[in-house]
S.K.: 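Okay, handing you the structure first.
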Amino acid sequence: MLDAALELFAEKGFDGTSVQDVVRAAGVTKGAMYHYFPSKDDLLHEIYLRVLRMQTEHLDAVVAMDLPVAERVHAAVVDVVVTTIENIQSATIFFRSLHQLAEENQRQVRRERRRYHETFRALVVEGQREGVFRDDVSAELAVDYCFGSVHHLPMWWREGGEASADEVARTFADLFIAGIAAR
């Protein structure tokens, strides 16, 4: 059901997709859907949380690595770019439909996004404290800059295009590290 909803929401938009569209594409009944997801909003909510949980687990693993901070930040950028591209439909929906979630679900998604953002920012701050990264640039602004680039991926990245997910990820990470590296 989640995969069917994901594909339909990415293609037709959340508002343009009916519950009937989802159950037809998933090959289930409405009763089966409502057993697992009380509403279409709950499907959208789970799509958001599924990717956020995965990216947060990856970031937590990167933070825990016994590597210099610049290497951990590089790995974190590579991961968020690759996982965004690997989940490009979710990313497309994420930035187009977040405002359509029920208020409590929006709050939960925003809390999870904030946790991810703060964990990533803490890595940048660690690098600033160690003198590896510039301290004349706000860690918050640097992270917003990085994530702004990531959030724009669904607008232009296409499978089979000029650059693979790994190439884009490594380029983004290299550019980000070069931009915040201590001079």
Side-chain angles (χ1 to χ4, degrees), residues 1-23 25-26 28 30-64 72-73 75-126 128 137-157 169 172 176:
M1 275 185 288
L2 284 172
D3 291 338
L6 175 64
E7 192 169 315
L8 289 167
F9 293 165
E11 178 186 325
K12 299 170 63 173
F14 180 73
D15 284 340
T17 302
S18 69
V19 169
Q20 186 58 44
D21 293 335
V22 174
V23 297
V28 299
K30 281 186 181 180
M33 189 200 103
Y34 288 128
H35 176 74
Y36 295 102
F37 301 99
S39 69
K40 188 172 81 164
D41 180 81
D42 290 312
L43 274 169
L44 181 62
H45 184 231
E46 183 55 31
I47 287 168
Y48 285 141
L49 291 180
R50 185 167 62 170
V51 174
L52 272 171
R53 280 190 297 261
M54 180 258 305
Q55 287 180 327
T56 300
E57 287 172 12
H58 289 194
L59 181 59
D60 290 343
V62 166
V63 168
R72 288 183 285 143
V73 170
V77 174
V78 166
D79 181 73
V80 75
V81 171
V82 167
T83 57
T84 297
I85 289 173
E86 287 174 347
N87 294 280
I88 202 78
Q89 287 181 317
S90 292
T92 300
I93 295 165
F94 198 94
F95 302 114
R96 186 170 58 195
S97 305
L98 181 62
H99 68 283
Q100 294 174 301
L101 281 175
E103 194 61 39
E104 180 53 37
N105 287 343
Q106 272 189 50
R107 280 193 294 274
Q108 182 184 12
V109 169
R110 290 181 197 285
R111 276 192 308 272
E112 293 299 318
R113 282 178 61 191
R114 174 58 37 202
R115 179 185 174 288
Y116 185 94
H117 185 98
E118 289 172 358
T119 301
F120 192 97
R121 186 185 67 227
L123 275 176
V124 173
V125 169
E126 179 183 335
Q128 289 174 324
V137 174
S138 156
E140 185 72 26
L141 185 58
V143 172
D144 285 342
Y145 174 80
C146 179
F147 289 159
S149 298
V150 173
H151 296 169
H152 193 67
L153 285 167
M155 302 299 223
W156 64 269
W157 191 87
F172 273 34
F176 183 66

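Bear in mind that the values here come from a model prediction, so they are computed numbers and not experimental data.
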S.K.: By side chain to side chain donor-acceptor pair (under 3.5 Å), which residues pair with E126, not counting sequence neighbours?
M.R.: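 Side chain to side chain donor-acceptor pair (under 3.5 Å) list for E126, sorted by chain: R72.
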
S.K.: Among all residues two or more places apart in sequence or in another chain, which pass the salt bridge (charged side-chain N to carboxylate O under 4.0 Å, His left out) test with R110?
M.R.: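 For R110, no residue satisfies salt bridge (charged side-chain N to carboxylate O under 4.0 Å, His left out) once neighbours in sequence are set aside.
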
S.K.: Would you indicate whether the side-chain heavy atoms of T83 and V51 approach each other to under 4.5 Å?
M.R.: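 Contact flag for V51/T83 side chains = no.
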
S.K.: Identify, with sequence neighbours excluded, every residue that meets salt bridge (charged side-chain N to carboxylate O under 4.0 Å, His left out) alongside D3.
M.R.: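 Partners of D3 by the salt bridge (charged side-chain N to carboxylate O under 4.0 Å, His left out) criterion, ordered by chain and then number, come out as R50.
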
S.K.: Checking E11 now: which residues fulfil salt bridge (charged side-chain N to carboxylate O under 4.0 Å, His left out) with it, not counting sequence neighbours?
M.R.: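 Applying salt bridge (charged side-chain N to carboxylate O under 4.0 Å, His left out) to E11 gives none.
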
S.K.: Got Y36 and V28 here, is their nearest side-chain heavy-atom distance under 4.5 Å?
M.R.: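 They are not in side-chain contact.
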
S.K.: For a quick test of reading the model, state the closest non-hydrogen atom pair linking A32 to M1 and the distance between them.
M.R.: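 For A32 and M1, the tightest heavy-atom pair comes out as O-CE, 4.0 Å.
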
S.K.: Is there side-chain contact between N87 and Q55, with at least one heavy-atom pair below 4.5 Å?
M.R.: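 The answer is no; the side chains never approach within 4.5 Å.
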
S.K.: Just verifying a value: how many Å separate L49 CG and H45 NE2, rounded to the nearest 0.5 Å?
M.R.: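 Interatomic distance, L49 CG to H45 NE2, rounded to 0.5 Å: 4.0 Å.
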
S.K.: What's the separation between atom SG in C146 and atom CG in L141, rounded to the nearest 0.5 Å?
M.R.: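 Reported to 0.5 Å precision, the distance equals 11.5 Å.
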
S.K.: If the condition is side chain to side chain donor-acceptor pair (under 3.5 Å), which residues does Q100 pass it with, not counting sequence neighbours?
M.R.: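 Partners of Q100 by the side chain to side chain donor-acceptor pair (under 3.5 Å) criterion, ordered by chain and then number, come out as D15, S97.
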
S.K.: Roughly how far, to the nearest 0.5 Å, is the CG atom of L153 from the CD1 atom of I85?
M.R.: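 Atom-to-atom, I85:CD1 and L153:CG are 5.0 Å apart.
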
S.K.: Testing the basics here: between A142 and F176, what is the closest heavy-atom pair and its distance to 0.1 Å?
M.R.: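 Minimum heavy-atom separation between A142 and F176: O-CE1, 3.2 Å.
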
S.K.: I'd like to know whether F37 forms a side chain to side chain contact (heavy atoms under 4.5 Å, CB included) with L2, so could you lay out the CA-CA distance, the side-chain angles of the two residues, the decisive distance to 0.1 Å, and finally the verdict.
M.R.: CA-CA 10 Å; F37 301 99; L2 284 172; 3.8 Å; yes

S.K.: Mind jotting down which residue pairs meet the salt bridge (Lys or Arg N to Asp or Glu O under 4.0 Å) criterion with at least one end in residues 82-94? Sequence neighbours excluded, please.
M.R.: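 Qualifying pairs, neighbours excluded: none.
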
S.K.: Do you know which two heavy atoms are closest between P154 and T92, and how far apart they sit?
M.R.: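 Reported closest heavy-atom pair: CB-OG1, 3.5 Å.
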
S.K.: If I take atom CG from residue L6 and atom CD from residue E46, how far apart are they, to the nearest 0.5 angstrom?
M.R.: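 Interatomic distance, L6 CG to E46 CD, rounded to 0.5 Å: 11.5 Å.
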
S.K.: Could you tell me which residues satisfy side-chain contact (heavy atoms from CB on, under 4.5 Å) with V19, sequence neighbours excluded, listed by chain and number?
M.R.: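 By the side-chain contact (heavy atoms from CB on, under 4.5 Å) rule, V19 matches V23, K30, M33, Y34, K40.
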
S.K.: Does E118 pair with R113 as a salt bridge, N-O distance under 4.0 Å?
M.R.: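 Salt bridge: no.
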
S.K.: Among all residues two or more places apart in sequence or in another chain, which pass the side chain to side chain donor-acceptor pair (under 3.5 Å) test with R107?
M.R.: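 For R107, the residues satisfying side chain to side chain donor-acceptor pair (under 3.5 Å) (neighbours in sequence not counted) are E104.
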
S.K.: For the residue pair R96 and A10, what are the closest heavy atoms and their distance?
M.R.: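 Between these two residues, the closest heavy atoms are NH2-O, 2.8 Å.
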
S.K.: Only pairs at least two apart or in different chains count here, so list each salt bridge (Lys or Arg N to Asp or Glu O under 4.0 Å) that has a residue in residues 137-147.
M.R.: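 The answer is R114-E140, R121-E140.
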
S.K.: Using residues 57-64 as the side-chain source, report each donor-acceptor pair under 3.5 Å to any protein atom, sequence neighbours left out, with the distance given to one decimal.
M.R.:
| from | atom 1 | to | atom 2 | distance (Å) |
| --- | --- | --- | --- | --- |
| H58 | ND1 | D79 | OD1 | 2.7 |
| H58 | ND1 | D79 | OD2 | 3.3 |
| D60 | OD2 | R115 | NH2 | 3.0 |

S.K.: Would you please name every residue forming a salt bridge (charged side-chain N to carboxylate O under 4.0 Å, His left out) with K12, sequence neighbours left out?
M.R.: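 Salt bridge (charged side-chain N to carboxylate O under 4.0 Å, His left out) list for K12, sorted by chain: D21.
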
S.K.: Which word best sums up how the rings of Y48 and F94 line up, parallel for under 30°, tilted for 30 to 60°, or perpendicular for over 60°?
M.R.: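 It falls in the perpendicular class, over 60°.
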
S.K.: Within a strict 4.5 Å, meaning less than it, do heavy atoms of the V125 and Q128 side chains meet?
M.R.: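 The answer is yes, as the side chains (C-beta and beyond) meet within the 4.5 Å cut-off.
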
S.K.: Check V143, V78, L123 against V73 for a side-chain contact (heavy atoms from CB on, under 4.5 Å) and give me the one that passes.
M.R.: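 One option only clears the test, and that one is L123.
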
S.K.: Within the 4.5 Å heavy-atom criterion, are V80 and Y116 side-chain neighbours or not?
M.R.: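 Yes, at least one pair of side-chain atoms sits under 4.5 Å.
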
S.K.: List in chain and number order the residues that pass side chain to side chain donor-acceptor pair (under 3.5 Å) with S39, two or more places apart in sequence or in another chain; answer none if no residue qualifies.
M.R.: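 By the side chain to side chain donor-acceptor pair (under 3.5 Å) rule, S39 matches D42.
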
S.K.: What's the spacing between L52 CG and I47 CD1 if we round to 0.5 Å?
M.R.: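 Reported value, rounded in 0.5 Å steps: 12.5 Å.
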
S.K.: Can you find a pair of side-chain heavy atoms, one from I93 and one from F14, that are under 4.5 Å apart?
M.R.: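 SC-SC contact between I93 and F14 ruled out.
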
S.K.: Do other residues, nucleotides or ligands put more than 12 heavy atoms under 6.0 Å from Q108 CD?
M.R.: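 Atom CD in Q108 is crowded, with more than 12 foreign heavy atoms closer than 6.0 Å.
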
